[in-house]
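So that the names make sense, note that chain A is the first sequence line, chain B the second, and so on, each numbered from 1.
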Number of protein chains: 2
Amino acid sequence: MAMAMAHQHRESSSDSINRHLDAGKYVRYTGEQVEALERVYAECPKPSSLRRQQLIRDCPILSNIEPKQINVWFQNRRCQEKQRKEASRLQTVNRKMTVMNKLLMEENDRLQKQVSQLVCENGFMRQQLHTVC
Amino acid sequence: MAMAMAHQHRESSSDSINRHLDAGKYVRYTGEQVEALERVYAECPKPSSLRRQQLIRDCPILSNIEPKQINVWFQNRRCQEKQRKEASRLQTVNRKMTVMNKLLMEENDRLQKQVSQLVCENGFMRQQLHTVC
DNA sequence: CCCTAATGAGGCGTAATGAG
DNA sequence: CTCATTACGCCTCATTAGGG
């Protein structure tokens with residue numbers, strides 16, 4: 001019945017490569033492509049349009065990507081870095097604060113004890129002065 | 001049973017039918033649409049596929065959106081909330097830590113002064129005891 | 001630039017199916 | 001029957017891409 005039909009093989013003719021070749025708009029770039037782009041990004045996160053065109057020319061791996069897409073890639077890449085950087089900044093600040101907090105509490109404790117000690121000695125001496133006079 | 005339903009729906013509205021419908025690709029949903037979706041989201045961030053279909057039926061504003069798109073909307077919405085929540089959590093923790101830190105430093109300061117004071121008194125009395133004996 | 005819609009990859013749970 | 005496999009649906013996550 002319907003259940004049996006359901007398990008017939010569905011025509012999955014959408015290989016990622018075919019998708020790219022026909023009218024499919026959305027493509028994942030290959031590991032190599034991303035790697036190449038990342039290498040450029042590391043040196044220059046904001047390449048000029050000239051630089052981008054050069055990139056496409058020199059790098060055969062990227063030749064099937066449109067200049068506009070390259071531009072979008074860099075925009076998205078910058079955005080991503082910004083977000084990650086902010087997140088990790090907050091994390092770092094957080095960690096440091098935690099450590100600082102701990103140290104302060106320890107110091108606080110130490111001072112508390114010191115105060116008690118001194119107060120104690122103080123009282124003792126005060127008493128001795130009284131008995132002497 | 002739920003599976004069977006899902007498959008039936010899959011069969012009835014086959015891929016080929018959907019193809020030409022998503023010819024006009026990327027659309028921003030209107031304020032009203034988003035508002036309606038948000039209202040549902042507030043109560044149920046993860047509606048079942050049945051619930052989503054209901055939603056489309058009851059809500060004329062959403063009738064021109066495909067079930068799949070509704071699903072995508074909820075997925076993206078959940079993702080967004082998660083990110084925002086995490087970010088604001090970190091901010092909050094940070095603020096609290098800052099306050100805590102400040103208080104601790106003040107307390108520390110106070111204790112420092114108290115210690116100096118006590119040490120001073122202490123030295124003085126020690127001297128007095130010496131002169132007396 | 002920013003926000004967000006759309007897509008692909010990969011993981012998880014489970015119903016269907018086949019082998020023993 | 002049980003156990004392993006597998007195909008499917010749904011989810012998250014990261015990524016690509018469209019428009020304001």
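Rounded to whole Å, the distance from CZ on R77(A) to P on dC1(C) is 13 Å. Here dA5(C) presents its P atom at 13 Å from OH of Y41(B), a figure rounded to the nearest Å. Protein atom CD of Q33(A) is 15 Å distant from nucleotide atom C1' of dG8(C), rounded to whole Å. Taking atom CD on Q53(B) and atom P on dC10(D), their separation rounds to 10 Å, with Å as the unit. Whole-Å rounding puts the E81(A) CD to dC1(C) C1' distance at 15 Å.
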Notebook entry, point to check: Along nucleotides 13-20 of chain D, 5' to 3', which nucleotides get a B, which get an S, and which get a -, given that the test is a protein heavy-atom distance under 4.0 Å?
Noted result: SBBBBBS-

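Residues passing the side chain to side chain contact (heavy atoms under 4.5 Å, CB included) test with M105(A), sequence neighbours excluded: L104(B). Residues passing the side chain to side chain contact (heavy atoms under 4.5 Å, CB included) test with E106(A) are K102(A), L103(A), sequence neighbours excluded. Partners of C59(B) under the side chain to side chain contact (heavy atoms under 4.5 Å, CB included) rule, at least two apart in sequence or in another chain, are A36(B), L55(B), I61(B), L62(B). In this structure Q114(B) satisfies the side chain to side chain contact (heavy atoms under 4.5 Å, CB included) test together with V115(A), R110(B), L111(B), L118(B), sequence neighbours excluded.
Looking at E121(A) and R126(B), a side-chain N of the basic residue comes within less than 4.0 Å of a carboxylate O on the acidic one, giving a salt bridge.
Note that the two end axes of the helix from dC1(C)-dG20(D) to dG20(C)-dC1(D) enclose an angle of 10°, each drawn from 5 base pairs, rounded to 10 degrees.
The side chain to side chain donor-acceptor pair (under 3.5 Å) analysis of residues 91-100 of chain B, with sequence neighbours excluded, yields no pairs. Judged as a salt bridge (Lys or Arg N to Asp or Glu O under 4.0 Å), the pairs with a partner in residues 66-81 of chain A (not counting sequence neighbours) are, in order, E38(A)-R77(A).
Clustering of Ile, Leu, Val, Met, Phe, Trp and Tyr by side-chain heavy atoms under 4.5 Å joins L90(B) with L90(A).
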